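This is a predicted model, so every value here is computed, not measured.
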Amino acid sequence: MELAAKYSAANVEDKWYAWWMEHKFFHSEPNDKEPYTIVIPPPNVTGILHMGHVLNNTLNDVLIRKARMDGKNACWVPGTDHASIATENKVVAKLKAQGITKDDLTREEFLAHAWQWKEEHGGIILQQLRKLGCSCDWDRTRFTMEPALSDAVINTFVYFYNKGWIYKGVRMVNWDPEAHTAVSDDEVIHKDTKSHFYHLRYFISDGNGAPTKEFLTIATTRPETIMADAAICVNPADERYHWLRGKKVLIPLINREIPVIEDSYVEMDFGTGCLKVTPAHDVHDYEIGLRHNLPVLDIIDEDGRLNEKALILVGEERFAARKKIVRMLEEAGNLVKTEEYISPVGYSERTDAVIEPRLSAQWFLKMESLAKMALETVESGRTKFIPEKYVNTYRHWMENAKDWCISRQLWWGQRIPAYYLPNGKYVVAATLEEALKLAQAIEPNIKAEDLRQDEDVLDTWFSSWLWPISVFDPEMPGHPDHKPNADLAYYYPTSDLVTGPDIIFFWVARMIMAGEEFMGREPFSNVYFTGIVRDKLGRKMSKTLGNSPDPLTLIEKYGADSVRIGMLLCSSAGNDIFYDEAQIQQGAAFCNKIWNSYRLVKGFSVSKDLKAGEAAKEATRWFAARLSQAVAQIEDLYGKFRISDALMTIYKLFWDDYCSWYLEAIKPAYGQPLDSETFENTLYFFEALLKLIHPVMPFITEELWQDIRPRKEGESIMYALSPKPEAFDEAVIENFTLAMEAVNGVRGIRSQRNIAPKEVLKLKVKAGEFPCIPVVEKLANVELGLCESFDGASQGVGFMVRTLEMFVVLDSLVDVNEEIEKAQKELEYLQKFLNGVRAKLSNEAFISRAPEAVINIERKKESDALSKIQSIEDKISALKNSK
RNA sequence: GGGCGGUUAGCUCAGCUGGUUCAGAGCACCUGCCUUACAAGCAGGGGGUCACUGGUUCGAAUCCAGUACCGCCCACCA
């Protein structure tokens with residue numbers, strides 16, 4: 001292969017991805033190896049790839065590729081989530097654009113549209129993941145609403161119903177009037193919203209429904225709900241209002257009589273201290289209503305419009321009604337004043353509609369036992385959270401978990417398997433046939449067509465919580481006695497889960513619950529929480545801000561490898577990621593570095609007759625040790641999920657150690673060949689490095705690994721075993737490091753004095769021996785001489801490497817006075833340092849209380865400083881004598 | 001309002017159960033180099049009172065308390 005001077009990802013990436021697919025390298029089947037399993041956090045079927053996906057899936061892919069190269073049977077199961085609300089919204093929007101409203105369609109017709117939409121768009125994000133290089137087992141691709149997984153969901157529902165944990169109840173729910181569904185508390189976002197605080201006058205009734213002159217004033221933000229008022233409530237301790245005891249007041253405009261009640265929920269110093277109680281339209285009011293047995297009057301319909309029970313403004317939308325009723329109240333003399341007011345208002349996460357607290361019949365799953373179990377899983381460490389801080393958040397939530405409202409008033413999703421008899425009773429069964437049997441036990445003559453299935457579907461999370469189980473064996477959930485199939489038995493529990501902390505409760509906690517309930521154990525060993533990807537100003541990526549780059553454009557521009565490493569370099573666990581395109585440029589620069597180092601290696605002409613030179617031998621010995629050392633560090637970092645640190649270690653190992661030191665040290669003089677032994681070692685090291693980098697940069701590493709030497713048909717770096725930590729000699733590294741410091745010293749002098757690298761210099765080292773002399777001579781371009789003492793110090797520029805004194809011979813260029821001055825400055829510094837150390841050593845308390853080792857370190861510092869001081873003093877006097 | 005976490009170089013972060021010559025890394029910056037692998041490069045260099053205040057200790061970036069600011073989660077006074 002002829003290598004271009006610049007690396008071009010475009011020519012490489014698609015080729016290798018296709019090749020990997022062709023050879024089914026991503027596919028896993030149970031075997032006798034240790035499994036390593038990841039299930040993808042299934043992206044919404046409607047989704048397109050954004051930077052958050054890039055980060056998450058790159059991490060997943062790094063872990064899975066690493067495991068594969070560690071010899072494990074790695075399986076990454078991909079798939080998508082049907083995302084009931086989000087998808088239904090998109091389909092509704094699309095139909096709307098065609099002039100069709102949901103009401104025009106039957107359930108079946110609508111679902112046909114939705115499935116069609118899913119077929120058209122559902123695969124997009126999975127295709128995009130291929131561009132990123134994700135090594136998912138595509139043969140195992142799952143969809144949360146495919147028939148088998150839907151069955152699992154239904155079975156699970158029946159299971160919990162029969163267990164008595166699912167119940168139907170009328171509750172105040174968060175109603176999304178736009179999506180026409182209840183949403184869970186977690187899907188409500190509270191935002192401070194500007195509104196008004198209306199002070200309204202309610203007249204006291206004379207007992208016959210006519211107003212007296214007396215009145216009280218309440219303050220409300222929602223005047224359009226006064227027609228649903230059931231009482232006025234004051235705090236029993238509020239003496240201002242004791243005169244109201246036993247009285248009734250009249251609701252303005254409609255003159256309905258309601259009682260005044262007392263409840264300590266009311267804050268005396270907030271508003272007027274009088275609260276209008278509207279049980280149907282406020283959660284707290286509902287609870288007060290329950291306590292005081294108040295009637296519930298629901299005046300807002302599912303569209304957010306006032307209904308006939310409101311008596312006035314019937315059919316008006318709630319916000320329009322608010323404006324109108326304010327005017328009416330003003331005209332009627334009931335409006336005392338209007339204040340500007342900012343208060344938190346709940347918005348639907350999916351549609352951004354203002355949430356309407358609404359009473360409705362919903363299905364609930366009891367959380368108490370499940371939450372307890374799932375908390376124990378994490379507390380016991382069977383599932384670890386990285387970073388650990390999320391355990392606190394998790395605990396707090398689990399200890400306060402409310403029952404889970406699992407019904408949604410939508411069509412796109414798994415329909416609740418409850419079947420109503422004409423008499424209003426219902427039965428729960430997985431199929432109509434079974435439901436019929438149950439129904440006939442109640443009413444023997446009933447027929448299938450008499451049964452009416454519940455209209456609602458289940459919350460999306462009620463299917464995705466089964467994901468780590470159902471992707472392998474959809475028969476399992478709902479049937480804990482079922483014998484797990486071979487896949488589930490082998491792959492469960494999965495190994496690691498990578499996801500965002502925003503779905504810790506929606507998804508992670510619930511997967512743990514389902515795992516414990518159906519499998520009797522945790523669904524994964526580790527959960528690695530990524531941060532949120534933000535722009536470099538710290539703002540969340542969003543469509544409206546336009547600060548969210550399109551990952552595919554970036555991949556096209558820089559290559560997937562660059563995008564992957566660019567994202568990872570700056571992402572420590574749990575911290576938000578401040579995305580900057582410069583990071584990806586850094587990734588691209590690294591690709592280019594790898595590429596060019598390969599060009600150098602590949603370009604060596606090799607001679608079998610040559611023996612390895614001394615410098616090459618030393619460099620080889622050193623790099624072998626250094627590699628082992630780094631591999632051990634990298635393994636350790638991976639084990640702690642410190643991915644970006646592991647990466648940086650590899651990055652520096654390659655760039656600094658391999659390229660800047662090793663290759664420069666073995667590089668033959670221009671036009672000269674390299675001995676074959678060194679060449680082979682160089683290739684060996686290069687391959688080891690490629691293997692270390694492969695999990696992060698799969699494409700370029702495959703490209704070069706394939707080129708470096710002939711490979712067998714179907715052999716891929718993907719399955720090459722990654723370098724394992726081996727024992728190494730610390731002294732080898734230590735010695736070479738000393739040599740490096742000497743080289744750096746000389747280079748520093750060259751740089752300060754503008755001496756060309758080409759000019760050969762003489763380096764004197766005051767020592768009996770010095771390691772790696774050939775390396776120093778080659779890389780610093782010096783002739784190195786050892787000597788016991790310096791006589792002609794005036795002819796050189798000195799520097800220290802640890803306690804060794806060195807100097808570069810520079811007869812013509814030395815300014816003696818300048819050298820003396822420099823030496824004196826250094827002497828001063830050392831004196832101060834020495835004084836500090838001695839102060840410590842002469843401190844009785846220190847000597848008596850500090851551990852021996854620490855004291856010894858201080859003694860060593862003292863003696864080192866003394867010897868350095870001695871050297872410098874000698875040097876200064878030599879310099880002075882030479883004047 | 002309750003809880004959790006943070007504050008270390010211009011930026012992003014590492015510094016684990018106090019003690020190596022401990023104040024670090026990458027990027028950015030400055031200087032000099034197109035030295036035949038790479039200017040997406042090479043070599044050299046500058047830069048931080050570790051948020052603040054007090055305490056514990058022989059010794060504090062590290063432990064404790066308080067203050068300020070930032071972030072996240074939960075709740076939501078109508």
Quick one: do the [X] and [Y] side chains pair a donor with an acceptor below 3.5 Å?
X         : Y         : answer
Tyr241(A) : Glu262(A) : no
Arg838(A) : Asn835(A) : no
Thr225(A) : Lys276(A) : yes
Thr278(A) : Asp229(A) : yes

Where the side chain of [X] is defined as all heavy atoms beyond and including C-beta, which of [options] is the nearest nucleotide?
X         : options                   : value
Ile857(A) : rA40(B), rU20(B), rA78(B) : rU20(B)
Ser597(A) : rA78(B), rA43(B), rA37(B) : rA37(B)
Arg534(A) : rG26(B), rU35(B), rC72(B) : rC72(B)
Lys6(A)   : rG19(B), rA78(B), rA40(B) : rA40(B)
Lys593(A) : rG19(B), rA37(B), rG26(B) : rA37(B)
Glu664(A) : rC38(B), rA43(B), rC74(B) : rC38(B)
Asn392(A) : rG19(B), rG5(B), rG26(B)  : rG5(B)
Phe578(A) : rA37(B), rG26(B), rC13(B) : rC13(B)
Arg747(A) : rA43(B), rC77(B), rA37(B) : rA43(B)
Asn744(A) : rC77(B), rG26(B), rG44(B) : rG44(B)

Self-check item: Backbone N/O of Thr272(A) and side chain of His199(A): donor-acceptor pair under 3.5 Å
Solution: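 Not confirmed, His199(A) side chain does not pair with Thr272(A) backbone.
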Would you mind classifying the nucleic acid contact of [X] as base, sugar-phosphate or nothing, using non-hydrogen atoms under 4.0 angstrom?
X         : answer
Cys591(A) : nothing
Ser848(A) : nothing
Asn754(A) : sugar-phosphate
Leu275(A) : base
Arg750(A) : nothing
Lys868(A) : base
Pro501(A) : nothing
Lys276(A) : nothing

Roughly how many Å apart are [M] and [N], using the [atom1] atom of each and rounding to a whole number?
N       : M       : atom1 : answer
rG26(B) : rC42(B) : P     : 12 Å
rC22(B) : rU8(B)  : C1'   : 12 Å
rC27(B) : rA9(B)  : C1'   : 12 Å

Quiz item: Would you call Arg802(A) and Glu734(A) a salt bridge, using N to O less than 4.0 angstrom?
Solution: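 The answer is yes: the pair qualifies as a salt bridge.
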Quiz item: Is any NZ, NE, NH1 or NH2 atom of the basic residue among Lys825(A) and Glu828(A) found under 4.0 Å from an Asp or Glu carboxylate oxygen of the other?
Solution: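 A salt bridge is absent here (no side-chain N lies under 4.0 Å from a carboxylate O).
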Quiz prompt | For RNA chain B, the dot-bracket pattern of Watson-Crick and G-U pairs whose distances stay under 3.5 Å, | for other-strand partners | solution = (((((((..((((.....[....)))).(((((.......))))).....(((((..]....))))))))))))....
Distance, rounded to the nearest Å, where [X] contributes [atom1] and [N] contributes [atom2]:
X         : N       : atom1 : atom2 : value
His396(A) : rC73(B) : NE2   : P     : 14 Å
Lys402(A) : rC73(B) : NZ    : C1'   : 15 Å
Glu734(A) : rU20(B) : CD    : P     : 18 Å
Gln586(A) : rC29(B) : CD    : P     : 13 Å

Practice problem: Determine, using ring centers only, whether Phe270(A) and Phe197(A) are less than 6.0 Å apart. | Solution: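 Here the rings of Phe270(A) and Phe197(A) have centres that are less than 6.0 Å from each other.
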